[in-house]
Number of protein chains: 2
Amino acid sequence: MARVRFDKEKVLESATNAFWHLGYTATSMQTLVELTGLKPGSIYLAFGNKEGLFKESLDYYAQQSLDNLEATLDKYQSAEEALPHILMTFVEESCQSEYCSCFLVKSQLELSEQQTELKDHVSQRLRKVESLYFASFLKNNTENVAKAKAASIMLHIFGVRVYGYHSHSKDQLIDALHLGLPWLSWPINH
Amino acid sequence: MARVRFDKEKVLESATNAFWHLGYTATSMQTLVELTGLKPGSIYLAFGNKEGLFKESLDYYAQQSLDNLEATLDKYQSAEEALPHILMTFVEESCQSEYCSCFLVKSQLELSEQQTELKDHVSQRLRKVESLYFASFLKNNTENVAKAKAASIMLHIFGVRVYGYHSHSKDQLIDALHLGLPWLSWPINH
DNA sequence: TAACTGTTTGAATGATCATTCAAGTTAATT
DNA sequence: AATTAACTTGAATGATCATTCAAACAGTTA
């Protein structure tokens, strides 16, 4: 089937899942070949190398996350109202048995100082998320407060992403979020 | 020099550092051989295999962390007084250029569902930390409050460990901690 | 229909991986 | 001094790693 380019979206979805679940180092090209259905040559022609495919997978995941986030933020009057819902979906996710934390967070922590380029790539995407929260908080807050609130949200999200990975105790997680983020507009029925 | 057992403490320190900085998968036995100074045979006799050495490294790190934590908690009247100091050291650490997050957190996120045994090993150590905070909070709080406070602390610590790995902005981190943990006895000057 | 161009194919490559084990070494025991 | 026991040594093993590339293929163009 030469001259019939593969479905890049599908390939990226498979690759993203592999890297997300197994990690960058532990995901072999052989695994990628199996899961994407592409032959090595095709992968290398399309993405250059393993690192290239990883980067595009990161972008694929990050773009989805950002789109999702933006949509939810737009649905509510303020970030203070939207965030309880966002956080609750994160908590719900973290309770599922196949929970795999956040691809960006996992990647960030896996990459070492030696892999500066990849690490910066991930950092950039994470900062984009924070700046989205920051911009949203700016509507009802001074710049300093918005900055602190955005950072506090990031701390809590990172926390949920790590905490939920080893302990599936939903109630405890929710209590901790209420305690740490009392300035959010939590729904009244607890 | 047969019959002269190697210095296990030194070996574990080297191995811990390697695993901590590079991650479990990315640390090869060859690297371990170089850094510990042991020959492959000696490592396998003493630790069984790579996984065994990794486990002992985790324990070595976890024990040090717990000892440190316990000592600091004992130095102050309450956990509410001790924690600002503990958190500030974590923030300080996160600002250093060679910062490498927390070995336990990194390992937890690197291990996948397939490596159940190793993952549980790490989870257990992380839970021990939380229960230490919990026990300390019990002195001045009801059980429910102590539990929520301990969870909130864990969220913030995980947050610092991830946040600090990609963004070295000390002030932002401190502001976020003040915002999220107002019930701690922060020192008056700031 | 013949030549061309961009894509796929998959076996091959050499490097590196975790692990093994027979041989060597040294201290303790007899 | 001879033997035994405990440990170290490091080359070797086979598996798996990321990557390459010549050949096959199928659309497009001339």
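So you know, we letter chains A, B, ... as the sequences are listed, proteins then strands, and number each from 1.
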Could you pull out the protein-nucleic contacts involving nucleotides 11-17 of chain D (nitrogen or oxygen on both sides, under 3.5 Å)?
unit_1	atom_1	unit_2	atom_2	d
D:dC17	OP2	A:Q30	OE1	3.3

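The distance from atom CZ of B:F47 to atom P of D:dT8 is 10 Å, rounded to the nearest whole Å. Whole-Å rounding puts the A:I43 CD1 to D:dT20 C1' distance at 13 Å. Between the P atom of C:dA18 and the CG atom of B:L32 lies a distance of 8 Å, rounded to the nearest Å. We find that CZ of B:R5 is positioned 11 Å from C1' of D:dT8, with the value rounded to whole Å. Summarising the geometry, the separation between CZ on B:F6 and P on D:dT9 is reported as 10 Å, rounded to the nearest angstrom. What separates OH of B:Y44 from P of C:dA18 is a distance of 7 Å, to the nearest Å. Between the P atom of D:dT19 and the CG atom of A:L53 lies a distance of 11 Å, rounded to the nearest Å.
Under the ring-ring contact (aromatic ring centres under 6.0 Å, His included) criterion, A:Y163 pairs with A:H166, not counting sequence neighbours. Applying the side chain to side chain contact (heavy atoms under 4.5 Å, CB included) test to A:L45 and every residue at least two apart in sequence or in another chain returns nothing. Contacts of B:E93 classified as side chain to side chain contact (heavy atoms under 4.5 Å, CB included), with partners at least two apart in sequence or in another chain: B:F90, B:Y99, B:R161. Residues satisfying the ring-ring contact (aromatic ring centres under 6.0 Å, His included) test with B:H85, not counting sequence neighbours, are B:Y76.
A salt bridge is absent between A:E113 and A:K119; no separation between the charged side-chain nitrogens and carboxylate oxygens falls under 4.0 Å.
Dashed line: the shortest gap from a side-chain N or O of A:K39 to OP1 or OP2 of C:dG10 is under 4.0 Å.
Residue pairs meeting the salt bridge (charged side-chain N to carboxylate O under 4.0 Å, His left out) criterion with at least one member in residues 44-68 of chain B, sequence neighbours excluded, are B:K8-B:E56, B:K55-B:E117, B:D59-B:R125.
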